[in-house]
*Asks:* 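Can you keep this structure in mind? I'll have questions shortly.
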Amino acid sequence: MDAKRDPYSTWISETMLQQTRVDTVLGHYARWMQSFPTVFLLAAAPEQIVLSHWQGLGYYARARNLHQAAQIIVQEHGGKFPPEHKRLTALPGIGPYTAGAILSLAFHQPEPALDGNLIRVFSRLQNWEGLPQESAHWKSLYWNLATRFAEQSPPNLINEALMEFGALVCTPKKPDCAHCPIGDHCQALRLDLVHLRPPLRKTRAPLDVRGNILILHYQDKLLVERGTTGLLAKQWRLPMGSTAEDLIRALELNLSDIRKCGLVKHSITHHRMQLQVVFAKTQSDVLPPDPDENFQRQWIPLDRWQETLVNSLAAKAIRKWS
DNA sequence: AAGCCGGGGTC
DNA sequence: GACCCAGGCTT
């Protein structure tokens, strides 16, 4: 990742990189900066346009938070990023890591930015058997060490170098210890425990989910819905249900041309989903009223579904049908 | 402190 | 198929 290090570019790239690999981010980042080159243009853009630029990256709250934070930065900070940890973390989507990254990389302040790379490097360097997520004790040890590094000069290069070192040399699997520039200082290497550092985190048991996903046409329109909780919350998505009958009954519509057109496998966090794709048509676009703002339905133009339906599950299902 | 939230690339 | 990844938010 070779992003410019002004505050806005740093904010966008570091947010995209949260839990997301560099190769996945590159294309999205270029397109984003093309469409929203400044915080002002991001703030002024419609939310759905912003979300469509996030298609395929996952964790869509990140895109909504970027949009909201941009509006706050424009309205309350005159379009300038506040160069203070407390005021940065007050913005939606900016936590301790991203605040530290912006402050050190863009503002050259001696602030720590502890990410997954640094955690791995430190765990090996110090042969620490704990993780910062585990307890306040480990948390302070990791952040204090990150702070000591950041207080070296210049902080932007120190933090950048630590992250690059973790990404290129001190990698999760097969770290290149033979050519490690700081191998002489590595406690885990000295004790031959590199393969045990950092310790494995306990994995969530996967949850098998079986059900149906509906592609419903009314003339040249497609039915979508959204809720405010659970998977793909606040995102427009295709209707899903445990059985096709449930799905159809909830709509209170007469359907025709019903046919099954394939099975979609898709994982969302620890949910392993296998969904039967059900295609149908209806002659009426009158939907049952939305129970409240927490659940909505709408018809969207079929040929422009990608503007609204921003998630990979829907894309997979529609690919099965077409 | 722990659980939750996407998706794709590895091995 | 399991695991991992430049986290943050909610409970």
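Please read these numbers as outputs of a predicted model, since none were measured by experiment. Letters go in sequence order (proteins before strands), and every chain restarts at 1.
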*Asks:* By nearest atom, which of the nucleotides dG7(C), dC5(B), dA6(C) is closest to the Gln18(A) side chain?
*Replies:* dG7(C)
*Asks:* Let's see if you get this right: which residues in residues 115-131 of chain A place a heavy atom under 4.0 Å from DNA chain C?
*Replies:* Asp115(A), Gly116(A), Asn117(A), Arg120(A)
*Asks:* Would you mind reading off the distance between Gln133(A) atom CD and dC5(C) atom P, rounded to a whole angstrom?
*Replies:* 11 Å
*Asks:* Over all strands shown, is Asp23(A) touching base, sugar-phosphate only, or nothing at heavy-atom distances under 4.0 angstrom?
*Replies:* nothing
*Asks:* Contact class for Ala113(A) (heavy atom, under 4.0 Å): base, sugar-phosphate, or nothing?
*Replies:* nothing
*Asks:* With a 4.5 Å heavy-atom cut-off, do Pro199(A) and Trp128(A) have their side chains touching?
*Replies:* no
*Asks:* Nearest to the side chain of Ala136(A) - dA6(C), dA1(B), dG8(C)?
*Replies:* dA1(B)
*Asks:* Take atom CG of Leu17(A) and atom P of dG7(B), then tell me their distance rounded to the nearest Å.
*Replies:* 18 Å
*Asks:* Return yes if the base of dG9(B) and the side-chain atoms of Thr24(A) contain a donor-acceptor N/O pair under 3.5 Å, otherwise no.
*Replies:* no
*Asks:* Pick the closest DNA chain C nucleotide for Pro206(A) and for Thr89(A) by heavy atoms, then say which residue is nearer the 5' end.
*Replies:* Pro206(A)
*Asks:* Parallel, tilted or perpendicular: which fits the ring planes of His217(A) and Trp321(A), with parallel below 30° and perpendicular above 60°?
*Replies:* perpendicular
*Asks:* Is the His67(A) to Trp54(A) ring centre distance short of 6.0 Å?
*Replies:* no
*Asks:* Do the side chains of Val194(A) and Cys177(A) get nearer than 4.5 Å, heavy atoms only?
*Replies:* yes
*Asks:* Report yes if a side-chain nitrogen or oxygen of Gln19(A) is closer than 4.0 Å to either non-bridging phosphate oxygen (OP1 or OP2) of dG7(C); otherwise report no.
*Replies:* yes
*Asks:* Please report the distance, rounded to the nearest Å, between OH in Tyr142(A) and C1' in dA1(B).
*Replies:* 17 Å
*Asks:* By nearest heavy atom, map Pro132(A) and Gly230(A) onto DNA chain B; which one lands nearer the 5' end?
*Replies:* Pro132(A)
*Asks:* Which is more 5' along DNA chain C, the nucleotide nearest Gly166(A) or the one nearest Pro92(A)? Just name the residue.
*Replies:* Gly166(A)
*Asks:* Suppose we call a contact any N or O donor and acceptor under 3.5 Å apart; does that hold for the side chain of Arg204(A) and the base of dC4(B)?
*Replies:* no
*Asks:* Using the P atom as the point on both nucleotides, what is the distance between dT10(C) and dG6(B), in whole Å?
*Replies:* 14 Å
*Asks:* Can you say whether the rings of Trp32(A) and His53(A) are parallel (under 30°), tilted (30 to 60°) or perpendicular (over 60°)?
*Replies:* perpendicular
*Asks:* Between Arg64(A) and Glu47(A), does at least one N-O distance fall below 4.0 Å, as a salt bridge requires?
*Replies:* no
*Asks:* For the pair Glu307(A) and Arg304(A), find out whether any cationic side-chain nitrogen is under 4.0 Å from an anionic carboxylate oxygen.
*Replies:* yes
*Asks:* Atom NE2 of His271(A) and atom P of dG3(B): how far apart are they, to the nearest Å?
*Replies:* 13 Å
*Asks:* Is Thr98(A) close enough to dG8(C) that one of its side-chain N or O atoms is under 4.0 Å from OP1 or OP2 there?
*Replies:* yes
*Asks:* Take atom CH2 of Trp138(A) and atom C1' of dA1(B), then tell me their distance rounded to the nearest Å.
*Replies:* 17 Å
*Asks:* Measuring from atom CZ of Arg237(A) to atom CD of Glu225(A), what distance do you get when rounded to the nearest 0.5 angstrom?
*Replies:* 5.0 Å
*Asks:* So Ser312(A), base contact, sugar-phosphate only, or nothing? Heavy-atom distance under 4.0 Å.
*Replies:* sugar-phosphate
*Asks:* Pick base, sugar-phosphate or nothing for Thr15(A), based on heavy-atom distances below 4.0 Å to the nucleic acid.
*Replies:* nothing
*Asks:* Roughly how far apart, to the nearest Å, are dC11(B) and dA6(C) at atom P?
*Replies:* 15 Å
*Asks:* Taking OP1 and OP2 of dG6(B), is either one under 4.0 Å from a side-chain nitrogen or oxygen of His266(A)?
*Replies:* no
*Asks:* Look at His270(A) and dG6(B) and indicate whether a side-chain polar atom (N or O) is within less than 4.0 Å of OP1 or OP2.
*Replies:* no
*Asks:* As a test of reading the structure: which of dG6(B), dG1(C), dA6(C) is closest to the side chain of Arg272(A), going by heavy atoms?
*Replies:* dG1(C)
*Asks:* Heavy atoms from C-beta onward define the side chain here; which of dG7(B), dC4(C), dC5(B) lies closest to that of Leu200(A)?
*Replies:* dC4(C)
*Asks:* In whole angstrom, what separates Leu207(A)'s CG from dC5(B)'s P?
*Replies:* 10 Å
*Asks:* Using a strict threshold of under 4.0 Å (side-chain N to carboxylate O), is an ion pair present between Glu14(A) and Arg5(A)?
*Replies:* yes
*Asks:* Between dC4(C), dG6(B), dG8(C), which one does the side chain of Arg21(A) approach most closely?
*Replies:* dC4(C)
*Asks:* By a strict heavy-atom criterion of less than 4.0 Å, which residues belonging to residues 46-72 of chain A are in contact with DNA chain C?
*Replies:* none
*Asks:* Applying a 4.0 Å non-hydrogen cut-off, can you work out what His28(A) is touching in the nucleic acid: base, sugar-phosphate, or nothing?
*Replies:* nothing
*Asks:* Applying the ring-ring contact (aromatic ring centres under 6.0 Å, His included) test to Phe122(A), which of Trp143(A), Phe149(A), Phe165(A), Trp138(A) qualifies?
*Replies:* Phe149(A)
*Asks:* Please tell me whether Gln187(A) and Arg190(A) have a donor and an acceptor in their side chains that are separated by less than 3.5 angstrom.
*Replies:* yes
